[in-house]
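Taking it in order: structure first as C-alpha cells, then the write-up.
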Amino acid sequence: MCGRFTREWTWEQVHAFSQPLVLEHLGQSNLEPNYNVCPTNIIDTLVMGAHGKVRIVPMRWGLIPAWWKKTLKEFKLATFNARSETVTEKATFRSAFRRHRCIIPASGYYEWEDTPSGKQPHYYTRRNGQLLGFAGIWDEWTDPETGEIIKSCAMLITEPSKFAARYHDRMPVILEPSQFEDWLTAKSGIEVLQPAAEEVLQEHAVSRRVNSSRADRNDHALIEKIA
DNA sequence: CCAGACGTTGTT
DNA sequence: GTCTGG
DNA sequence: CCAGACGTTGTT
DNA sequence: GTCTGG
C-alpha cells in the first residue's frame, strides 16, 4: 500500500468530511491541487491543536522516533506504515501511538495487480466521493546535524476488507468522521484500528503511468478510470 | 537506581 | 541482486 | 509501491 | 521517549 493520492481536494472538503471538528485556518491552503504521497515525502496531516481545534500540519511521511540519535541518512527503516497489531509494542511507534495521533486525508490510494503484461495499478476511493481519513501517528525529532525539528508520521495499516483483499493483503485504517475526535485526542485505542466496512470503498484501474515515480503529478490519468 | 538498547514495511 | 528516488 | 540505475582506471 | 537488564 503506497502511492499517490492525486485527486484535488479543498479546505471545504476537509471541513465537510470532518464535521465533528472545528478546523483552524480555513482558507489558508498549503495544499497542492494534485498531491504526490510517497515514502519520505511531505504530506499534510490533521492534528489536535489548542482549544479543541484541528490544525493542518505538513509532515514527513516516514516516522522518525524522537529518540533516534544518529543522522537522517542512517535511519533506513521504512516507517511510513505501522502495523495496528503491533503499534503499541514497537519502540519506534509506541510513544507516538499514546500521545501523538493524526489523520491523513487522502483522495485515494493505490494497490497493484500482477498481470502477465506487468503491474496494473488500481485506485481505491470512497464510494461517496468524499476524502478518506487514514489513522496516523506522528513524532517530533531533532536533526542532530542541523538542529532542525522534524515532524514525521506513519499511517496505520491493518488486515484488508474482502474488497481490499482482491489486490493486497493489507489496507490503511480508514476512520469515519464520527471517530475522528476520539482518535485525535487519544480517547480511542487499538479497537478502532479495523478494516473498513465492505461498502466504504470503490476501485478502478488507472494508467500505468502511475508506476513511474517521475510521473507528472498534475496528470489526471493517474486517477482516472481506464477502459 | 542508572545505562543502554530500541529499529518498519513491503515483496516472493 | 540491490539500492535509490519519487 | 515501482522504475531505474548500478561502472573502472588513469590523469589535470 | 520508554522499556529492560542488572
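The basis for the numbers below is simple: all heavy atoms, side chains too, and nothing from hydrogens, waters or symmetry mates.
Across E:dT2 and B:dG10, the matching C1' atoms stand 27 Å from one another, rounded to whole Å. Annotation: D:dC6 and B:dT8 have their P atoms spaced 32 Å apart (nearest Å). The same atom, C1', is picked in D:dT11 and in C:dG1; the two are 33 Å apart, to the nearest Å. Comparing D:dG4 with B:dT9, their P atoms are spaced 28 Å from each other, to the whole Å.
Between the NZ atom of A:Lys119 and the P atom of B:dG10 there is a distance of 14 Å, given to the nearest Å. Per the geometry, CD belonging to A:Glu74 stands 17 Å off C1' belonging to B:dT8, to the nearest Å. Separating the CH2 atom of A:Trp141 from the C1' atom of B:dG7 is a distance of 14 Å, rounded to the nearest angstrom. The interatomic distance linking A:Arg170 (CZ) with B:dT12 (C1') rounds to 17 Å, in whole Å. Between A:Ile137 atom CD1 and E:dT2 atom C1' there is a gap of 15 Å when expressed in whole angstrom units. In this structure, NZ of A:Lys70 is placed 13 Å from P of B:dG7, rounded to the nearest angstrom. When the P atom of B:dG10 is taken as reference, atom CG of A:Asp169 falls 7 Å away, rounded to whole Å. One interatomic measurement links the two molecules: CD1 of A:Ile43 to C1' of C:dG6, which rounds to 14 Å at whole-angstrom precision.
A:Ala82 comes within 4.0 angstrom of sugar-phosphate atoms only, judged by non-hydrogen atoms across all strands, and of no base. Counting any heavy atom pair closer than 4.0 Å across all strands shown, A:Arg94 reaches a base atom. Across all strands shown, A:Lys69 has heavy atoms under 4.0 Å from base atoms, whether or not it also approaches the sugar-phosphate.
In the set B:dT9, B:dC6, B:dT12, B:dC6 carries the atom at the smallest distance from any side-chain atom of A:Ala91. Distances were taken from every side-chain heavy atom of A:Trp68 (C-beta onward) to each of E:dT2, B:dT8, B:dG7; the shortest belongs to B:dG7.
Remark: A:Arg126 engages A:Glu176 in a salt bridge, criterion side-chain N to carboxylate O under 4.0 Å. Using a 4.0 Å cut-off between a side-chain N of Lys or Arg and a carboxylate O of Asp or Glu, A:Arg170 and A:Glu85 qualify as a salt bridge.
Listed for the A:Arg101 side chain is no donor-acceptor partner under 3.5 Å among the backbone atoms of A:Phe180.
Contact annotation: A:Lys90 side-chain N/O to B:dT8 OP1/OP2 distance is under 4.0 Å. Residue A:Arg83 places at least one side-chain N or O under 4.0 Å from the OP1 or OP2 atom of B:dG10. Of the side-chain N and O atoms in A:Asn211, one or more sit less than 4.0 angstrom from OP1 or OP2 of D:dA3. The side chain of A:Arg98 places an N or O atom within less than 4.0 Å of a non-bridging phosphate oxygen (OP1 or OP2) of E:dC3.
Sparse packing is recorded around CD of A:Glu159, with 12 or fewer heavy atoms of other residues, nucleotides or ligands lying under 6.0 Å away.
Evaluation of A:Trp67 against the base of B:dC6 yields a stacking contact (centre distance < 5.5 Å, interplanar angle < 30°).
Here B:dA5 sits opposite E:dT2 as a Watson-Crick or G-U wobble pair (both hydrogen-bonding atom distances under 3.5 Å).
Below 30°, between 30° and 60°, or above 60°: for A:Phe75 and A:Trp68 the angle between ring planes is above 60°, a perpendicular geometry.
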* To do: Take A:Tyr109 and A:Thr125, measure what side chain to side chain donor-acceptor pair (under 3.5 Å) needs, and give me the verdict at the end.
  => CA-CA 7 Å; A:Tyr109 70 94; A:Thr125 58; over 6 Å; no
